[in-house]
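Chain identifiers are assigned alphabetically (A, B, ...) following the order of the sequence lines, protein sequences preceding nucleic acid strands; residue numbering begins at 1 within each chain. As the structure is a computational prediction, the values presented were derived from the model and not from experiment.
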2 protein chains.
Amino acid sequence: MIKLSKSVEYALFAIKYLNYIPSDKLVSTKELSESMNIPYDLLAKIMQKLVKTEIVSSVQGTKGGYFLSKSPKQINLNEIIKAVDSEIRLTDCMFENATEDDCKRLNDCSLRSPLSNIQNKIIQLFTSTTLEEII
Amino acid sequence: MIKLSKSVEYALFAIKYLNYIPSDKLVSTKELSESMNIPYDLLAKIMQKLVKTEIVSSVQGTKGGYFLSKSPKQINLNEIIKAVDSEIRLTDCMFENATEDDCKRLNDCSLRSPLSNIQNKIIQLFTSTTLEEII
DNA sequence: TTTATATACGACCGATTTAGTCCGATATAA
DNA sequence: TTATATCGGACTAAATCGGTCGTATATAAA
Ligand code: SF4
Ligand code: SF4
C-alpha cells in the first residue's frame, strides 16, 4: 500500500502549528491536540518521536511543551516518515543485511535489485521535499 | 505505509514467467503457482484481475490458460498496482470528488494540495517504469 | 514540601487491511 | 461425459494502524 499514515499527517499539522508560534514560546500537547483536533494520546506519542529524532525539542514539567528545533526548510518529509513510522521499505527484503528469514526468495530474486532502485527514487523524492513546501 | 503488496510482487513474477514462454503457448495458474511458489488460490485471483485490465489474456476450459497481451515494454508498474490492488491514494482525500465523509478536514486542509503534488510524482514514477526494467 | 501540570514510555485494544483459503459456477478439449 | 481450466465471490487468519490507558518522571508555582 502506498499511503501516508495518519500519524505522519498529524506530525505535519503539529509542526505547522509550532511553526506559527514564536520560537521562544512552548506549546503543550493539549494545546496542539485541541486546536488541530488530533487525539491527545496519539499526538503525545508522535511528539515524543519527533523529540527523539531532534525535529522538535521539549521542556518537561509545568509550563513545559514543545518547540521546533529546526526551520521547516531544514526538515524533509522522509525524516518525518522515519521518525513517526519507520524507514520506507518497498518490500520485505529492503534491508542492508536481509536474510531468507525476511523473504525466502531472497537469494534468487530478480525483482529485488530493480525494486530497490525504485525505492531509492521514492526516498529521494521524500528527502528532497522540505516541510516548507508542504505546511 | 509505503510498500508494495505481496499481490503486486506475485503479479510481477507471473508476468515474468509468461514473458519467457513462447507467446502462442498457454500457461495455467497451476503451472505458474507451482513453478514460482505462489499460493494457487491467491494467484488465481490475481490472474483474473490482470485479465480484466487486459494486461494478460485468458483461454478457458481444458488446455486453457494465460498469455501476455502486451510486451513488458508496454506495461508499466502503475498499471499493475491499479489492476491488482487499487489506484494509489496517498491520503484519504485523494479523490476527484472527495467529500467530508472521506476526511472531515477536507475543506480547510493546507496539506491536501502539496500532498497531491507528491502523489502525482509517485504515480509518475510508477507509470514511467516499464516491466521491462523490472522483470 | 505539596500540588498541579506537563512530558515520557510501554502495554493494550479495536478497526482496518492484507494475505490466503474455500466453494460453487462456467467453459471447453478430449 | 469427464477432466481440467478460468471465473467470481464469500470467508478466515494474520498483520498493521489508529487510538486508549496507566504509570512514572520532571518542574514551576503555591
Ligand atoms: S526478495 Fe524478491 S520476492 Fe522477496 S521481498 Fe525482495 S523483491 Fe520481494
Ligand atoms: S484533507 Fe488533509 S487531513 Fe484530510 S486526508 Fe486530505 S490531506 Fe489528510
Side-chain angles (χ1 to χ4, degrees), chain A residues 1-11 13-14 18 25-34 36-54 56-67 69 81 83-92 102-104, chain B residues 1-11 13-14 18 25-34 36-54 56-67 69 81 83-89 91-92 102-105:
Chain A
M1 188 182 242
I2 310 290
K3 190 176 180 180
L4 297 182
S5 67
K6 277 291 168 197
S7 290
V8 166
E9 284 194 43
Y10 294 158
F13 281 123
L18 290 178
K25 218 205 125 204
L26 296 175
V27 184
S28 68
T29 303
K30 187 163 183 288
E31 179 177 346
L32 285 169
S33 84
E34 282 172 1
M36 321 220 71
N37 243 287
I38 298 171
Y40 176 88
D41 290 301
L42 181 52
L43 181 59
K45 289 205 315 187
I46 293 168
M47 294 313 293
Q48 286 161 31
K49 289 176 179 174
L50 293 177
V51 169
K52 212 182 290 185
T53 50
E54 294 175 328
V56 312
S57 304
S58 67
V59 173
Q60 293 191 20
T62 307
K63 296 266 179 188
Y66 300 96
F67 63 96
S69 30
I81 294 171
V84 164
D85 294 343
S86 63
E87 201 131 11
I88 288 174
R89 254 185 292 134
L90 209 54
T91 64
D92 292 336
D102 301 306
C103 176
K104 58 181 194 290
Chain B
M1 187 180 246
I2 310 290
K3 189 176 181 182
L4 298 181
S5 67
K6 277 291 167 196
S7 290
V8 167
E9 283 195 43
Y10 293 158
F13 280 124
L18 290 178
K25 216 205 125 201
L26 296 174
V27 184
S28 68
T29 303
K30 187 162 183 287
E31 178 177 347
L32 285 169
S33 82
E34 283 171 0
M36 321 221 68
N37 242 287
I38 298 170
Y40 176 89
D41 291 302
L42 181 52
L43 182 58
K45 289 205 315 189
I46 293 167
M47 295 314 293
Q48 286 162 31
K49 288 176 179 172
L50 294 177
V51 169
K52 213 183 288 186
T53 50
E54 294 175 330
V56 312
S57 304
S58 67
V59 173
Q60 293 191 22
T62 308
K63 297 267 179 184
Y66 301 96
F67 62 98
S69 30
I81 294 171
V84 163
D85 294 343
S86 63
E87 201 130 11
I88 288 173
R89 255 185 291 134
T91 64
D92 292 335
D102 301 305
C103 175
K104 59 181 193 289
R105 280 170 242 265

Step by step, would you call A:Ile81 with A:Ile88 a side-chain contact (heavy atoms from CB on, under 4.5 Å)? CA-CA 8 Å; A:Ile81 294 171; A:Ile88 288 174; 4.1 Å; yes

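- More than 12 heavy atoms of other residues, nucleotides or ligands sit less than 6.0 Å from atom CD of B:Glu31.
- Comparing A:Thr62 and A:Lys45 by the nucleotide of DNA chain D whose heavy atom lies nearest to each, the residue mapping closer to the 5' end is A:Lys45.
- Base engagement by A:Tyr40 is indicated by at least one non-hydrogen atom pair under 4.0 Å involving a base atom.
- Between A:Asp85 atom CG and D:dA15 atom C1' the separation is 15 Å, expressed in whole Å.
- When DNA chain C is scanned 5' to 3' for any atom under 4.0 Å from a heavy atom of chain A, the first and last hits are C:dA4 to C:dT18.
- Between atom CD of residue B:Gln48 and atom CG of residue B:Leu43 there is a gap of 10.0 Å, rounded to the nearest 0.5 Å.
- Taking the nucleotide of DNA chain D with the nearest heavy atom to each of B:Lys30 and A:Ser5, the more 5' of the two is matched to B:Lys30.
- The main-chain N or O of B:Ala83 is never found under 3.5 Å from a side-chain atom of B:Lys49 such that the two would form a donor-acceptor pair.
- Across D:dC7, D:dG19, D:dT4, the shortest atom-to-atom separation from the side chain of B:Gln48 is found for D:dC7.
- Side-chain atoms of A:Ser57 never come within 3.5 Å of backbone atoms of A:Ser69 as a donor-acceptor pair (strictly under, hydrogens ignored).
- Across all strands shown, B:Met1 has heavy atoms under 4.0 Å from sugar-phosphate atoms exclusively, and none from any base.
- The distance from atom NZ of A:Lys63 to atom P of D:dA30 is 9 Å, rounded to the nearest whole Å.
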